[in-house]
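What follows is one structure encoded as structure tokens, with my remarks underneath.
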Protein chains: 2
Amino acid sequence: MNAPRRRSDAAENRARIIETARTVIANSDELRLNAIAKQAGVGQGTLYRHFPTRDDLLAEVYRNDVEQLVAAAPAFLAEHEPLKALACWFNRVADYARIKRGVFAAVETAVWRDLSAHSLGPIGDAVTMLLAAGKADGTIRADVDARDVILLIGYLSRLDETEWDTRARHLLSIVLDGLRRRE
Amino acid sequence: MNAPRRRSDAAENRARIIETARTVIANSDELRLNAIAKQAGVGQGTLYRHFPTRDDLLAEVYRNDVEQLVAAAPAFLAEHEPLKALACWFNRVADYARIKRGVFAAVETAVWRDLSAHSLGPIGDAVTMLLAAGKADGTIRADVDARDVILLIGYLSRLDETEWDTRARHLLSIVLDGLRRRE
DNA sequence: ACCTGAACACCGTTCAAGT
DNA sequence: ACCTGAACACCGTTCAAGT
């Protein structure tokens, strides 16, 4: 299932590609595949061998961040009421989205892709968990699902740096209000 | 201010470009500039002469739709309570967004561009009007502006055709709830 | 097995030459 | 004034040739 053979150079190349992509994204928010390959010191074909699609590369670059985001959900639930936990999780998402713009876009496509595979993906599962707690609790309306929430907070990836402070958290709180059960 | 000279062929070309773009968008949702020029029977340079940026072309294509959307706001306000008027307007936006995917994207960029020019643009003004009525009325929270609303309903342009029926209006109602004044 | 990089395809954009 | 379309620039993607 794992432990691929002949990894000596292949694995190194793979790691170097990811590292290069991470650095490039951190500094410029753009991701030109040929440039990554050159900068990583590999041929373009090698990049495509390891990452058939652009999303495969992005998923790898943001793997860690996504995992931490997912892990935060049960942690918040253990400490807070469901609605408060969801609010905390929203804030965590906002933190990631601000520093690494790509995180959220990656999250969106990841969830979206897995959707067609009849699974919501890790992020979707985390949101589902938070929503379920709130529904059981009676604080969150029963007719929302993870996809709804992902769509609503998608504005985070379209927010300009200059309006971040005034809008990001403000809008999250509006969304949260919309998710509350009425009365 | 208007009535440009030598319009005989120039105006015709311009009109044909717009018409071609409208048809192409309606059928395929893609917009390749060179293809438009060829199909309209003009050189690429001519297209650029008339529409320096892609957005200029889109704005022209959707001019009518945007105008109708703007005109609907005061009409709804005349007939309904502010909150109900906003709900109606949301539904109208959804109608447009479904048929012509590009409308909303065009709206977003139009608002966005005008923002930097210290004006919200026609759509922004329409939303501002609806919000103002609701605030005066006490049904809409005081701390939201037109940009907030545009960002929140931006998911409409990212919605897949297959999930439109189940999500588009449902999410609009959640947003509306979020905009309500609490208690 | 894995890698390289020339080559191809595709689009947007410009500009010298035409009318 | 306005138009044309060859030409350039830029990127993503493939694949024959190498090791």
Side-chain angles (χ1 to χ4, degrees), chain A residues 1-62 101-102 105-106 109-110 112-113, chain B residues 1-62 101-102 105-106 109-110 112-113:
Chain A
M1 195 155 284
N2 41 17
R5 314 236 163 192
R6 203 66 219 257
R7 66 183 186 220
S8 39
D9 48 346
E12 257 174 39
N13 281 338
R14 190 185 154 87
R16 205 161 54 245
I17 290 169
I18 297 172
E19 205 43 56
T20 305
R22 197 194 312 279
T23 309
V24 168
I25 285 176
N27 295 344
S28 71
D29 180 32
E30 281 300 329
L31 189 71
R32 282 172 311 193
L33 264 18
N34 281 355
I36 300 291
K38 187 169 207 174
Q39 215 169 314
V42 302
Q44 304 100 295
T46 304
L47 192 154
Y48 279 86
R49 161 176 282 265
H50 287 293
F51 306 101
T53 81
R54 179 191 217 82
D55 279 347
D56 288 321
L57 177 55
L58 281 176
E60 219 28 59
V61 169
Y62 291 121
R101 277 312 164 81
T109 62
W112 187 222
R113 180 179 33 182
Chain B
M1 193 157 286
N2 42 15
R5 313 238 164 192
R6 203 68 218 257
R7 67 183 183 219
S8 38
D9 49 346
E12 257 175 38
N13 280 339
R14 190 186 153 87
R16 206 161 53 245
I17 290 169
I18 296 172
E19 206 43 56
T20 303
R22 196 195 312 279
T23 310
V24 168
I25 285 176
N27 294 344
S28 72
D29 180 32
E30 281 301 328
L31 190 72
R32 282 172 311 194
L33 265 16
N34 281 356
I36 300 291
K38 188 169 208 175
Q39 215 169 314
V42 303
Q44 304 100 294
T46 305
L47 193 154
Y48 278 85
R49 161 175 283 264
H50 287 293
F51 305 102
T53 82
R54 178 190 218 83
D55 279 347
D56 288 321
L57 177 54
L58 281 176
E60 218 29 58
V61 168
Y62 290 121
R101 278 312 164 79
T109 61
W112 186 223
R113 181 179 31 183

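The chains referred to below are lettered A, B, ... by the order of the sequence lines, with proteins before strands, and numbering in each begins at 1. Everything quoted here is computed from the prediction, not taken from an experiment.
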- Message: Students often get this wrong, so: under 4.0 angstrom with heavy atoms, is A/R49 touching a base, only sugar-phosphate, or nothing?
- Response: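 Base contact - A/R49 has a heavy atom under 4.0 Å of at least one base atom.
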- Sugar-phosphate only, base, or nothing, as touched by A/L47 at under 4.0 Å among non-hydrogen atoms: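 The residue A/L47 makes no contact with any strand.
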- Give, for atom CG of B/L47 and atom CZ of B/R54, the distance between the pair rounded to the nearest 0.5 Å.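 Spacing of CG (B/L47) from CZ (B/R54) equals 10.0 Å.
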- What's the spacing between A/R32 CZ and A/K38 NZ if we round to 0.5 Å?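 One gets 11.0 Å once the value is rounded to the nearest 0.5 Å.
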Which donor-acceptor pairs under 3.5 Å do side chains of residues 13-26 of chain B form with protein atoms, sequence neighbours excluded?
| unit_1 | atom_1 | unit_2 | atom_2 | d |
| --- | --- | --- | --- | --- |
| B/N13 | OD1 | B/R16 | NH2 | 2.7 |
| B/R16 | NE | B/A40 | O | 2.8 |
| B/T20 | OG1 | B/R16 | O | 2.7 |
| B/R22 | NH1 | B/V61 | O | 2.8 |
| B/T23 | OG1 | B/E19 | O | 2.9 |

- Choosing from D/dC3, C/dT13, D/dT13, which nucleotide comes nearest the side chain of B/Y48?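 Shortest atom-to-atom distance from the side chain points to C/dT13.
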Atom [atom1] of [X] and atom [atom2] of [N]: how far apart are they, to the nearest Å?
X	N	atom1	atom2	value
A/R54	D/dT14	CZ	C1'	17 Å
A/F51	D/dG12	CZ	C1'	17 Å
A/R16	C/dC2	CZ	P	15 Å
A/L33	D/dC11	CG	C1'	9 Å
A/L57	D/dT13	CG	P	11 Å
A/D9	C/dA1	CG	P	14 Å

Restricting both atoms to N or O, compile the protein contacts to nucleotides 17-19 of chain C shorter than 3.5 Å, with distance only.
none

- Considering non-hydrogen atoms only, spot the tightest contact between B/G43 and B/A37 and give its length.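 The answer is O-CB, 4.0 Å.
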- Query: Do the non-hydrogen side-chain atoms of B/L33 and B/F51 ever get within less than 4.5 Å of each other?
  - Reply: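 No, side chains not in contact.
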- Item | Dot-bracket pairing map - DNA chain C, Watson-Crick plus G-U, both contacts under 3.5 Å, | cross-strand | ||.|||||...|||||.||
- Phosphate OP1/OP2 of C/dC2 contacted by A/H50 side-chain N/O (<4.0 Å):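 Negative; the distance criterion is not met.
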- Within the pair A/N13 and C/dC3, is there a side-chain N or O less than 4.0 Å away from OP1 or OP2?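 Yes, A/N13 has a side-chain N/O under 4.0 Å of OP1/OP2 on C/dC3.
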- Task: Kindly state which residues belonging to residues 34-46 of chain B come within less than 4.0 angstrom of DNA chain D, counting heavy atoms of the residue only, listed by number.
- Result: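 Within this stretch, B/G41, B/V42, B/G43, B/Q44, B/G45, B/T46 sit under 4.0 Å of the strand.
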- Tell me, please, which residues at least two apart from B/E60 pass side chain to side chain donor-acceptor pair (under 3.5 Å).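 Partners of B/E60 by the side chain to side chain donor-acceptor pair (under 3.5 Å) criterion, ordered by chain and then number, come out as B/R63.
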